[in-house]
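Here the structure is laid out as structure tokens; the discussion comes afterwards.
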2 protein chains.
Amino acid sequence: MSSTERLQRYLSDESGSCGDTEVAQRLAELEELDAAAGGPDLEADVSVLSALANETRYKIVRILHIADEELCVCEFSPLLDVSDSAISHALSQLTDAGLLTRRKDGKWRKYRTTARANALLIALDGSRK
Amino acid sequence: MSSTERLQRYLSDESGSCGDTEVAQRLAELEELDAAAGGPDLEADVSVLSALANETRYKIVRILHIADEELCVCEFSPLLDVSDSAISHALSQLTDAGLLTRRKDGKWRKYRTTARANALLIALDGSRK
DNA sequence: TAGATGAATGAGTAAGTACTAAAATAGGCC
DNA sequence: GGCCTATTTTAGTACTTACTCATTCATCTA
């Protein structure tokens, strides 16, 4: 059975009667939603969310957010139960995703959250039940 | 080499001199940040982010957000290039994560975004450069 | 410049994820 | 009850990810 047939039955159930015209119209509405939802930002948004969707990386961003200052790679090391290499991988992923900025300071590297990262954490905090 | 030794060298580089006391104090500060970051919400936050961090699921939430009304499972079917089973999986994950609510209406199931989902999408939209 | 240290990168691997297909569940209708 | 349809669940599989270890790159210092 095609998804259009099922949609037709659904619209019949909802609005009483429903011919092909109404189905076509609803389909057009839905495809408009789909087009609006699937713009060029979709992929970028998903990669930002993927970057945050990991305990190690999320914790790094949280720590930086709370600290409200830049921190050195070496300061994460005592706090996270993973190798320095894993921390470096995590920091790079977060930076690539636009959630952190990296700054060289001699032989040390310092990281800080971006506005995007802060906005997401604030949204999470503000919508907690 | 321990991470504490590296931290000591870092603090020396930064603040000039640095004895064990200063290292211990900075460590305590960092661990306080860590404790604040790693509260009970961490796990839940990560699972919310994981739920959104997938193109199919993200698109579902976006569509519902733009639609600003509840939609039937059968209305997603023509818009997403995956099986009905995959759509159902996605909807369940999103519901479990607290991003959607599910309502039975006869033999149809209708979904709607939660305040948490809307907050996250708005944060993404508002922080786009 | 050689040696040491901080951090990033590459390769490999164990665990997790996203899908499909098939079976199960649930509602409505005869 | 028996049948049809909408959706969910289960099982299986290809793919992706998150880590560790080893290596490389970069920067300071003696």
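Between B:Leu27 atom CG and A:Leu79 atom CG the span is 7.5 Å, to the nearest 0.5 Å.
Scanning for salt bridge (Lys or Arg N to Asp or Glu O under 4.0 Å) contacts around B:Asp41 gives A:Arg128, with sequence neighbours left out. B:Glu55 pairs by the salt bridge (Lys or Arg N to Asp or Glu O under 4.0 Å) definition with nothing, not counting sequence neighbours. A:Arg109 meets the side-chain hydrogen bond (donor to acceptor under 3.5 Å, both in side chains) test with no other residue; sequence neighbours excluded. With sequence neighbours left out, the ring-ring contact (aromatic ring centres under 6.0 Å, His included) criterion links B:Tyr111 to no other residue. A:Glu32 pairs by the side-chain hydrogen bond (donor to acceptor under 3.5 Å, both in side chains) definition with nothing, not counting sequence neighbours.
Using modelled atom types, no side-chain atom of B:Ser77 and backbone atom of B:Cys74 make a donor-acceptor pair closer than 3.5 Å. Between the side chain of B:Glu22 and the backbone N or O of B:Gly19, at least one donor-acceptor pair lies under 3.5 Å. In this structure a side-chain-to-backbone donor-acceptor pair under 3.5 Å is present from A:Thr114 to A:Gly98.
At C:dA18, one or more side-chain N or O atoms of B:Gln93 fall inside 4.0 Å of OP1 or OP2 (strictly under the cut-off). Taking side-chain N and O atoms only, A:Tyr111 has no distance below 4.0 Å to OP1 or OP2 of C:dG6. Put simply, A:Ser88 has no side-chain N or O that comes within less than 4.0 Å of OP1 or OP2 on C:dA7. The phosphate of D:dC28 (OP1 or OP2) has no side-chain N or O of B:Tyr10 nearer than 4.0 angstrom. Contact annotation: A:Arg6 side-chain N/O to D:dT7 OP1/OP2 distance is under 4.0 Å.
Rounded to whole Å, atom C1' of D:dT5 lies 15 Å from atom CG of A:Leu7. Separating the CG atom of B:Leu91 from the C1' atom of D:dT8 is a distance of 11 Å, rounded to the nearest angstrom. Computed from coordinates, the B:Arg9 CZ to D:dT29 P distance equals 12 Å when rounded to whole Å. Whole-Å rounding puts the B:Asp13 CG to D:dT27 C1' distance at 11 Å. The CD atom of A:Glu14 sits 15 Å away from the C1' atom of C:dG28 (whole-angstrom rounding). The distance from atom CG of A:Asp84 to atom P of D:dT23 is 17 Å, rounded to the nearest whole Å. Following rounding to the nearest Å, B:Gln8 (CD) and C:dT5 (P) show an atom-to-atom distance of 14 Å. For the pair B:Trp108 CH2 and C:dG27 C1', the interatomic distance rounds to 11 Å; values are reported in whole Å.
Within a 6.0 Å radius of CD in B:Glu29, other residues, nucleotides and ligands contribute more than 12 heavy atoms.
Here the closest heavy-atom approach between residue A:Thr56 and residue A:Ala90 is recorded as CG2-CB, 4.3 Å. For the pair B:Leu94 and B:Ala51, the tightest heavy-atom approach, listed with the atom from each and the gap, is CD2-O, 3.8 Å. The two atoms that bring B:Ala123 and A:Ala119 nearest to each other are CB-O, 3.7 Å, heavy atoms only. What you find for A:Val61 and A:Thr113 is that their closest heavy atoms are O-CG2, 3.8 Å.
Scanning atom types as modelled, one donor and one acceptor separated by under 3.5 angstrom connect the side chain of B:His89 and the base of D:dT10. For B:Ser85 and D:dT8, a side-chain-to-base donor-acceptor distance below 3.5 Å is absent, hydrogens and geometry of angles not being considered. At a cut-off of 3.5 angstrom, counting only N and O atoms as typed in the model, there is no donor on one side facing an acceptor on the other between the side-chain of B:Ser92 and the base of D:dT9.
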| field | Chi angles and distances behind the salt bridge (charged side-chain N to carboxylate O under 4.0 Å, His left out) call for A:Lys107, B:Asp13 | value | CA-CA 10 Å; A:Lys107 59 174 163 181; B:Asp13 266 24; 5.4 Å; no
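Contacts classified as salt bridge (Lys or Arg N to Asp or Glu O under 4.0 Å) and involving residues 79-96 of chain A (residues at least two apart or in different chains) are given here: A:Asp84-B:Arg6.
Listed by residue number, B:Lys104, B:Gly106, B:Lys107 are the residues of residues 97-107 of chain B with a heavy-atom contact under 4.0 Å to DNA chain C. DNA chain C is contacted by B:Val82 of residues 70-82 of chain B, taking any non-hydrogen atom closer than 4.0 Å. Near DNA chain C, meaning a heavy atom under 4.0 Å from it, residues 48-66 of chain A has no residue at all. A heavy-atom distance below 4.0 Å to DNA chain C is reached by none of the residues of residues 33-43 of chain A.
Grouping the Ile, Leu, Val, Met, Phe, Trp and Tyr side chains by contacts below 4.5 angstrom, directly or via other members, places A:Ile122 apart from A:Leu49.
Recorded end-axis angle for the helix from C:dT1-D:dA30 to C:dC30-D:dG1 stands at 30°, based on five pairs per end and rounded to 10 degrees.
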Please enumerate all protein N or O atoms sitting under 3.5 Å from an N or O of nucleotides 14-16 of chain D, with distances to 0.1 Å.
none

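Ion pair B:Glu14/B:Arg26 not flagged as a salt bridge, since none of the NZ, NE, NH1 or NH2 atoms sits closer than 4.0 Å to an Asp/Glu carboxylate oxygen. Note on A:Arg62 versus A:Asp125: salt bridge recorded, some NZ/NE/NH1/NH2 to OD/OE distance being below 4.0 Å. B:Asp45 has a carboxylate O that lies under 4.0 Å from a charged side-chain N of B:Arg116, or vice versa, which qualifies the two as a salt bridge.
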